[in-house]
Amino acid sequence: MTSPSTSNDHRCLNLISKCKSLENLKQIHAQFLTTGLSHHTFPLSKLLHLSSTVCLSYALTIFRRIPNPSVFLYNTLISSIVSNHQSTQTHLAFSLYARILTSRSAAIRPNQFTYPSLSKASGFHPRWHRHGRALHAHVLKFIEPVNHDRFVQAALVGFYANCGKLRAARSLFDRIIKPDLATWNTLLSAYANSGDGENENDLGLSEEVLRLFVEMQRSSLVRPNELTLVALIKSCANLGDLCGGVWAHAYLLKNNLSLNQFVGTSLIDLYSKCGSLSYARKVFDEMPVRDTSCYNAMIRGLAVHGFGQEAIGFYKNLISQGLIPDDATFVVTISACSHSGLVDEGLRIFSSMEAVYGIEPKVEHYGCLVDLLGRSGRLEEAEECIEKMPMKPNAMLWRSFLGSAQVHGDLERGEIALKHLLGLEFENSGNYVLLSNIYAGVDRWTDVEKTRELMKDHRVNKSPGISTIN
DNA sequence: GTAGGGTTAG
């Protein structure tokens with residue numbers, strides 16, 4: 001296969017960049033067949049990439065009709081599937097890879113372009129983690145050390161990081177002689193994203209980001225960019241380290257880095273988590289371009305600080321700016337209503353989700369709805385909502401219902417909630433404490449005692465509360 | 001030569 005050269009062929013390639021619909025795609029494909037372009041690897045790869053974004057099954061049909069596809073074309077299709085279809089079509093990417101491996105042609109062998117996208121796909125879901133480890137072995141087998149390049153290495157670091165194997169990710173990273181910026185960012189974001197839990201080790205990961213950032217600056221080979229700053233700011237947010245966050249913000253300004261939507265959203269989140277809502281608002285106002293995510297972060301910040309009306313104001317603003325709310329928007333906005341007692345407003349927003357925006361409510365949205373009704377004492381309606389919801393309620397939902405039952409002294413519903421909750425997470429001491437408090441509230445001390453016995457039976461220990469003063 | 005890795009809110 002060689003490259004096309006006539007102007008007619010170039011016109012065809014230009015059409016590709018303008019193609020929007022399946023119909024357009026079919027017309028271009030017809031042109032490919034009549035002009036003979038379908039025999040050339042380069043235009044075919046453009047066509048495959050485009051068709052996988054418009055209609056994946058059509059891309060696969062085109063691919064099937066290529067007599068002897070080169071590794072180049074396999075790689076194009078694999079990476080297009082991974083980047084356009086996230087985790088939903090990972091099996092297709094791997095079946096193409098299996099075809100490379102089983103090809104009888106000696107020319108069809110995986111190369112360094114095959115692995116980065118497959119390694120990335122392996123981290124999408126635990127189901128594929130095993131395949132990711134196998135890919136690592138294949139890299140050692142098929143890729144010459146000289147070709148074992150920075151893309152392959154960074155993708156493997158990213159894979160181990162995404163499946164929670166941070167030690168493996170770090171040990172691979174440490175063996176890279178001169179990591180480039182993207183490789184540094186892979187590691188830093190892995191630590192930042194794993195460090196948002198509640199235990200001490202998680203916080204240690206965020207502290208490690210701060211140390212690595214210092215180490216990175218000592219290297220004259222790379223200069224931190226916006227992606228690095230997102231990892232740094234997120235780590236400060238995880239640690240509740242306002243000073244560190246302000247320093248990162250100053251670094252951003254001093255080094256002329258852009259306040260893009262990612263950096264802006266992480267700063268809004270940082271300032272909200274550290275209680276500086278006015279700084280969060282200032283960042284929001286200064287952002288040159290605002291997307292749905294940065295509105296979501298701002299709405300959430302307002303929600304947790306109890307500014308329900310203001311949060312709804314931002315939600316309305318998002319809509320009037322022509323932005324499309326996503327499922328996170330509804331989680332944060334309905335919980336803003338919930339925390340401020342704006343029940344009817346919350347109910348209206350919930351029902352507009354599917355009716356106006358075509359977003360099917362997930363379990364977390366029903367959780368918000370149950371919380372909204374429950375907190376305001378409308379427990380009967382909350383219970384009705386649980387009965388009618390189309391999926392199985394999760395532990396968070398039952399916990400919220402249990403909390404509402406406790407606040408409103410509804411013993412019967414509290415017991416129902418706890419029964420379900422213990423079925424889902426019998427080891428969580430907080431659930432027993434909530435029920436015990438309900439019994440204590442109505443002077444049922446024998447039941448308080450029974451709840452404590454139940455905890456012992458299930459071998460659940462409640463660690464004593466500690467208050468700290470900083 | 002064309003194909004490959006890194007970022008946000010719950």
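Labels below follow one simple rule: chain letters A, B, ... track the order of the sequence lines, proteins then strands, and each chain is numbered from 1.
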Among dG6(B), dG4(B), dA9(B), which nucleotide has an atom closest to any side-chain atom of Q112(A)?
dG4(B)
Taking the side chain of T265(A) as its heavy atoms from C-beta onward, which of dT8(B), dG1(B), dG6(B) lies nearest to it?
dT8(B)
If we ignore angles and hydrogens, is there a donor and acceptor under 3.5 Å between the side chains of D269(A) and S272(A)?
no
Against the side chain of N75(A), the closest entry in dG4(B), dA3(B), dG5(B) is dA3(B)
To the nearest 0.5 Å, what is the distance between CG on D291(A) and CZ on F262(A)?
7.5 Å
Value in whole Å for how far the C1' atom of dG6(B) lies from CG of N225(A)
8 Å
Check every strand shown and say whether S266(A) touches a base, only sugar-phosphate, or nothing at a heavy-atom separation below 4.0 Å.
nothing
Base, sugar-phosphate alone, or nothing: which one does L187(A) contact when heavy atoms must sit under 4.0 Å apart?
nothing
Select base, sugar-phosphate, or nothing to describe what T183(A) touches, counting heavy atoms under 4.0 Å on all strands.
base
Quiz question: by atom type and distance under 3.5 Å, do the side chains of D326(A) and T292(A) form a donor-acceptor pair?
no
Nearest to the S79(A) side chain among dA9(B), dG1(B), dG4(B), which nucleotide is it?
dG4(B)
Roughly how many Å is it from CD1 in I268(A) to C1' in dA9(B), rounded to a whole number?
9 Å
If you take the centroid of each ring, where Trp contributes its six-membered ring, are Y58(A) and H29(A) closer together than 6.0 Å?
yes
Between F330(A) and Y357(A), how do the two ring planes meet: parallel, tilted or perpendicular, split at 30° and 60°?
tilted
What is the separation between atom CG on N260(A) and atom C1' on dA9(B), rounded to the nearest whole Å?
14 Å
Within residues 113-123 of chain A, those residues having any heavy atom closer than 4.0 Å to DNA chain B are F113(A), P116(A), K120(A)
With respect to the side chain of V152(A), which nucleotide from dT8(B), dA3(B), dG4(B) is positioned closest?
dG4(B)
Where the side chain of D180(A) is concerned, which of dG5(B), dG6(B), dT8(B) is the nearest nucleotide?
dG5(B)
Report the distance from atom CD of Q153(A) to atom C1' of dG5(B), rounded to the nearest whole Å.
11 Å
Looking at the side chain of N185(A), which of dT7(B), dG6(B), dA9(B) is the nearest nucleotide?
dG6(B)
Choosing from dG6(B), dT2(B), dA9(B), which nucleotide comes nearest the side chain of L227(A)?
dG6(B)
Distance (rounded to the nearest 0.5 Å) between K273(A) NZ and S266(A) OG:
10.0 Å
Using a cut-off of 4.0 Å on non-hydrogen atoms, how would the nucleic acid contact of S45(A) be classed: base, sugar-phosphate, or nothing?
nothing
Flag if over 12 foreign heavy atoms under 6.0 Å of OH, Y279(A)
no
Between dG5(B), dG6(B), dA9(B), which nucleotide has the shortest distance from any of its atoms to the side chain of D269(A)?
dA9(B)
Atom CZ of F284(A) to atom C1' of dT8(B): distance rounded to whole Å?
14 Å
Tell me: CZ of F124(A) to P of dG6(B), nearest whole Å?
8 Å
So, under a plain 3.5 Å distance rule, would you say the side chain of S293(A) forms a donor-acceptor pair with the base of dA9(B)?
yes
Between dA9(B) (P) and M287(A) (CE): distance, integer Å:
12 Å
Are OP1 or OP2 of dA9(B) and a side-chain N or O of K234(A) less than 4.0 angstrom apart?
yes
dG6(B) C1' sits how many Å from F159(A) CZ, rounded?
17 Å
Counting just side-chain N and O atoms, does N193(A) come under 4.0 Å of either OP1 or OP2 of dT8(B)?
yes
Identify the heavy atoms of C385(A) and V370(A) that sit nearest to each other, and give their distance.
SG-CG2, 3.8 Å
